[in-house]
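Heads up, the thing below is written out as structure tokens.
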Amino acid sequence: MKIVIIHGQGHIGVTYTLTHEIINQLNAKEEDLKEFFLPKDGPDFCVGCFQCFLKGEENCPGAEKVQPIVSAMKWADVIILTSPNYVLEMSGSMKNLMDHMAYRWVTHRPDASMMHKVGVTISTSAGAPAGHTVKSMAKQLKWLCVPTTICVPYICNAMGVHDLSEKKKKEMKKLAQKTATKVKYHVNHPHVGLRIKLFFLLFSKMQSSPDAAWNPMDRDWWVNQGWTKKVRPWKMQEKEHLTE
Ligand SMILES: Cc1cc2nc3c(=O)[nH]c(=O)nc-3n(C[C@H](O)[C@H](O)[C@H](O)COP(=O)(O)O)c2cc1C
């Protein structure tokens with residue numbers, strides 16, 4: 001099982017610790033793991049130049065940092081997005097990376113391989129529920145066409161690992177075990193649900209209509225892959241899934 005982790009923070013805190021508890025439970029081999037730490041490994045802020053949409057993603061001023069992350073997401077079976085809960089949202093660094101992924105939304109030029117991935121979103125918070133943060137990151141994966149995302153919010157009552165009680169450390173281990181079980185299940189039982197198919201069909205209709213398909217770059221993408229006709233990405237790619 002190949003895993004990419006995109007950390008919405010650069011430090012080894014509670015969120016990182018919980019994420020790596022999950023990785024340990026998955027028995028992930030080193031060569032099957034890629035990690036990115038934001039903002040260090042990510043692009044500068046999106047400047048809203050529209051080059052990715054209109055001319056192609058390689059024209060983005062941040063392409064040098066964005067594209068290795070995009071390639072790692074394509075390589076992986078499991079995409080993990082993490083962020084501490086910052087004012088009830090994902091970190092600014094993670095949001096910035098998501099802005100750079102907009103061209104891959106189903107509304108533009110989706111990557112069909114995303115339909116065969118499992119998403120995981122992880123957030124820890126000091127006291128407030130982190131549910132909104134994990135759902136917000138899961139929403140991003142949904143628009144990138146990832147059909148299943150496991151949300152892992154956790155209230156740790158701490159400002160960092162130095163602050164974690166023994167009780168909370170034990171709870172985190174249990175949560176990691178439970179999450180790893182879910183991840184294995186979904187990797188071994190891939191399912192592209194009706195919601196994502198309807199989503200795709202809606203935008204295939206849009207790209208088929210000369211009035212609605214406003215961006216020739218996007219339209220060509222859909223036409224060239226046969227998606228405006230009968231080709232359906234969930235039927236195209238049969239993947240081998242590892243059982244562990
Ligand atoms: C800028 C900032 C904003 C935060 N906002 C919240 C918040 O709205 N609610 C909350 O419960 N905790 C909040 N926290 C606390 C962190 O979410 C919490 O300590 C988290 O577990 C830290 O994870 P880390 O160790 O991975 O950095 C905030 C922390 C920072 C630095």
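In listed order, ligands and their atoms are each counted from 1. Nothing fancy with the numbering, it's 1 onward along the sequence. What you see is a predicted model, and the numbers here were worked out from it, not measured in a lab.
- Neither the backbone nor the side chain of Gln9 has any atom closer than 4.0 Å to an atom of ligand 1 (non-hydrogen atoms only).
- Listed by atom number, the atoms of ligand 1 under 4.0 Å from Gly127 heavy atoms are 10 (C), 11 (O).
- Of the residues Ile79, Ile80, Leu81, the one that meets the side-chain contact (heavy atoms from CB on, under 4.5 Å) test with Thr121 is Leu81.
- Aromatic ring orientation, Phe200 versus Trp234: perpendicular (interplanar angle above 60°, classes split at 30° and 60°).
- Looking only at heavy atoms of the protein, atom 25 (O) of ligand 1 is closest to Val14 N, 2.7 Å.
- Between Tyr103 and His108, the distance separating the two ring centers is not shorter than 6.0 angstrom.
- Contacts between Ala158 and ligand 1 below 4.0 angstrom, taking non-hydrogen atoms only, involve the backbone exclusively.
- The nearest non-hydrogen atom to atom 26 (O) of ligand 1, considering only Thr15, Leu164, Leu88, Ile12, comes from Thr15.
- Checked against a 3.5 angstrom limit, the closest N/O atoms of Tyr86 and ligand 1 fall outside it.
- Looking at Asp211 and Ser209, their side chains never bring a donor and an acceptor atom within 3.5 Å of each other.
- When heavy-atom distances to ligand 1 are checked against a 4.0 Å cut-off, Cys156 comes that close only through its side chain, counted from C-beta outward.
- One finds the NZ atom of Lys142 at 8.5 Å from the CH2 atom of Trp105 (value rounded to the nearest 0.5 Å).
- Of the listed options Gly10, Gly160, Ala128, Ser83, Ala128 places a heavy atom closest to atom 11 (O) of ligand 1.
- Thr179 and Gln25 form no side-chain donor-acceptor contact under 3.5 Å, judged by distance and modelled atom types alone.
- For atom 27 (O) of ligand 1, the nearest protein heavy atom (residue, atom name, distance) is His11 NE2, 2.6 Å.
- Between Val87 and ligand 1, at least one pair of N/O atoms sits closer than 3.5 Å.
- Between Ile6 and Leu38, some side-chain heavy-atom pair lies under the 4.5 Å cut-off.
- For atom 21 (O) of ligand 1, the closest non-hydrogen atom on the protein side is Thr124 OG1, 2.7 Å.
- Asp163 approaches Met159 most closely through the heavy-atom pair OD2-N, 2.9 Å.
- For Asn85, a nitrogen or oxygen atom sits less than 3.5 Å from a nitrogen or oxygen atom of ligand 1, counting backbone and side chain alike.
- Under the 4.5 Å side-chain heavy-atom criterion for ILVMFWY residues, no single connected hydrophobic cluster contains both Val223 and Phe53.
- For a threshold of 3.5 Å applied to N or O pairs, the pair formed by Gly13 and ligand 1 contains no separation below that value.
- Smallest separation of non-hydrogen atoms from Ser123 and Val134: N-CG1, 3.5 Å.
- At the top of the distance list for atom 15 (C) of ligand 1, counting protein heavy atoms only, stands Ala126 CB, 3.7 Å.
- Any N or O atom pair closer than 3.5 Å counts here, and Pro84 shares no such pair with ligand 1.
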